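This report refers to the structure that appears directly beneath it.
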Amino acid sequence: MDINMTLLGQTIAMIVFVWFCMKIVWPPLIGAIDRRRKEIADGIAAGEKGQKELAEARHGSEAILAEARQKAVQVTDLAHKRGSDLVAEAKNVALAEGQRLVAQARGEIANEQNRARDGLRKEVSALALAGAAKVLGREIDAKAHAALLDELAAELEKGAPARG
Amino acid sequence: MAEAGHSAGDYIVHHLQNLTVCKQDGAWVWNQCKGNFFAVNIDSMFFAMLLGIVFLTLFGRVARRATTGVPGRLQTAIEMVVGFVDQSVRETFHGKSDLIAPLALTLFVWVFFMNLMDLVPVDWLPGAAALVGVPYLKVVPTTDVNITMAMALSVFVLVIYFSIKVKGISGFTKELTLQPFNHWAAIPFNFVLEGVALIAKPISLSLRLFGNLYAGELIFLLIALLGIWQLPLHFAWAVFHLLIVTLQAFIFMMLTIVYLSMAHEHH
């Protein structure tokens, strides 16, 4: 239990160990701890920020979705309206076209009728002249009797609706 | 396990004897150094330095490979100790010093390791040493008052150094002479009071650690004398002693920080 040179030996050992610890051991360890602490703190902050942004984005997406839904409804309505408009318009156009076609057909029929009637009249006039020539036994001068023939033709014309 | 032919007293005295070497009449002699200041306790020095090197190797390896990313288990354990010491220093010591935290870490882990040698069954290492011809072996360095006193005195020197560095010679002198009664007539009284308080620091620091571990070792030795009954008792005392081992290492570190922090503070 004596105090002896062990005291000095231990003091030297302690100085060396503490110096070694101070130079080699402590700085890298505490540096690593501090850097990791900072990284963790940054990570937590980033995580919170991300979460906040996510919540905001979710909120924004809901608004956008609602708007889109509304727009879709509007578009559908518009499309319906436009569709029915188109149908109505097409109906009108078709109706007009039909009427036009009918009118055209009627005109053509009337033209055909007139042409046929003219033809018939000429043939009847020719037949009447031929008949009259045979009856009279001589040539009839068509020029000399043109007035007569025209009158006859007019008479035939009058009688035509009854026949035709 | 008292050996045959030895009384219980001999057994205990033998186990509390350091392996000492000194020069006597021009020759190196073992264990005949009573009262010789130039003797060295080889066993205390050996285990103290061995454990110090174990501490520095372990922590130094981890420190060299320390990663900022995900740490391994060993690194986590080391970092817990470092973080604990760092926090203790930060809470108590408010100045800025690159020395105090590493000093506290070294003292804490080193003293802890030295105390921990107390849990090695008392006959193992001395018995093994006896087989190779070493007559005495005390395996717990902190049961040697030289070891604890050396550390406490080193701390004391640091306390004086920082007191003078921070407050100047005059400030330090004023602290010793003008407290607690700030009057010129009270200077001698103050000086005696403060001087005793100052000297008491290293003495209490070293003797507290020494006394606790010495008593613990003594009780282990007494238990070892009980034959087969030593087994449960040894276990119970070892469990309790584990607390003392940790606590004394912590107290030694904490008081070192407190003393150095007081040295840095202006009154």
Side-chain angles (χ1 to χ4, degrees), chain A residues 1-69 71, chain B residues 16-18 20 22 33-42 44-45 48-49 52-53 55-56 58-71 75 78-79 81-83 85-86 98-103 105-107 109-110 141 144-151 153-155 157 214:
Chain A
M1 219 38 58
D2 297 332
I3 295 286
N4 56 30
M5 288 302 279
T6 314
L7 191 78
L8 190 66
Q10 172 72 2
T11 306
I12 294 166
M14 178 169 158
I15 290 168
V16 172
F17 288 159
V18 169
W19 181 84
F20 195 84
C21 180
M22 189 170 87
K23 290 290 168 201
I24 312 257
V25 175
W26 184 266
L29 278 175
I30 204 73
I33 290 173
D34 284 349
R35 277 198 302 279
R36 187 168 331 106
R37 273 165 58 103
K38 194 178 168 301
E39 269 174 27
I40 291 172
D42 288 354
I44 289 172
E48 273 169 6
K49 195 165 155 256
Q51 226 154 25
K52 217 171 111 190
E53 275 171 4
L54 182 66
E56 271 168 17
R58 200 169 277 159
H59 194 72
S61 77
E62 269 164 22
I64 290 170
L65 208 64
E67 200 181 325
R69 225 171 257 143
K71 213 170 254 174
Chain B
L16 292 177
Q17 177 72 48
N18 279 111
T20 312
C22 62
C33 309
K34 210 98 186 111
N36 186 344
F37 179 73
F38 291 97
V40 175
N41 296 341
I42 295 294
S44 296
M45 277 314 303
M49 288 177 68
I53 289 166
F55 153 65
L56 285 178
L58 181 67
F59 278 60
R61 264 167 65 105
V62 171
R64 211 169 52 245
R65 297 178 191 168
T67 162
T68 319
V70 180
Q75 193 188 335
I78 299 291
E79 281 180 3
V81 177
V82 171
V85 171
D86 187 51
D98 290 335
L99 171 67
I100 289 183
L103 173 72
L105 177 71
T106 309
L107 285 178
V109 181
W110 196 16
D144 183 347
V145 76
N146 286 297
I147 299 291
T148 60
M149 189 60 90
M151 293 189 291
L153 283 179
S154 307
V155 172
V157 169
Y214 192 80

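Chain letters run A, B, ... following the sequence lines, proteins first, then strands; residues in each count from 1. All values reported here derive from a predicted model rather than from experimental measurement.
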Can A:Phe17 and B:Trp110 be said to form a side chain to side chain contact (heavy atoms under 4.5 Å, CB included), step by step?
CA-CA 9 Å; A:Phe17 288 159; B:Trp110 196 16; 3.4 Å; yes
Chi angles and distances behind the side chain to side chain contact (heavy atoms under 4.5 Å, CB included) call for B:Thr106, A:Trp26
CA-CA 10 Å; B:Thr106 309; A:Trp26 184 266; over 6 Å; no
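Annotation: maximal heavy-atom pairing with chain B below 4.5 Å, among A:Ile33, A:Ile12, A:Val16, occurs at A:Ile33. Per-residue heavy-atom pair counts under 4.5 Å with chain A were compared for B:Asn41, B:Leu153, B:Thr20, and the maximum is reached by B:Asn41. For chain A, the option among B:Leu105, B:Val62, B:Asp86, B:Val157 with the highest count of heavy-atom pairs below 4.5 Å is B:Asp86. Note on B:Ile147, B:Val40, B:Thr67, B:Leu103: by heavy-atom pairs under 4.5 Å with chain A, the leading option is B:Ile147.
Using a 4.5 Å cut-off between heavy atoms, B:Ile78 touches chain A through its side chain atoms alone. B:Gln17 does not touch chain A: none of its heavy atoms, backbone or side chain, sits under 4.5 Å away.
Heavy atoms from other residues, nucleotides or ligands lying under 6.0 Å from CG of A:Asp34 number more than 12. With a 6.0 Å radius and a threshold of 12 heavy atoms from other residues, nucleotides or ligands, A:Met22 has its CE atom above the threshold.
Across every non-hydrogen atom of B:Gly69 and A:Arg36, the tightest pair is O-NE, 2.9 Å. Contact record, B:Pro102 with A:Cys21: O-SG, 3.6 Å, taken as the closest heavy-atom pair. When all heavy atoms are compared, the tightest approach of A:Met14 to B:Leu107 is CE-CD2, 3.8 Å. Closest heavy-atom contact between B:Ala66 and A:Pro28: CB-O, 4.2 Å. Closest of all the heavy-atom pairs between B:Ala63 and A:Val25 is CB-O, 3.5 Å.
Not a single side chain to side chain donor-acceptor pair (under 3.5 Å) links A:Arg37 to another residue, sequence neighbours left out. When the side chain to side chain donor-acceptor pair (under 3.5 Å) test is applied to A:Lys38, the partners found at least two apart in sequence or on another chain are A:Asp42.
Within the model, atoms CD1 of A:Ile30 and CD of B:Glu79 stand 9.0 Å from one another, a figure rounded to the nearest 0.5 Å.
Between A:Asn4 and B:Cys33 there is no side-chain heavy-atom pair separated by less than 4.5 Å. With a 4.5 Å cut-off on side-chain heavy atoms, B:Pro141 and A:Gln10 do not count as touching. Residues A:Ile24 and B:Phe59 have side chains not in contact (no heavy-atom distance under 4.5 Å, counting atoms from C-beta outward).
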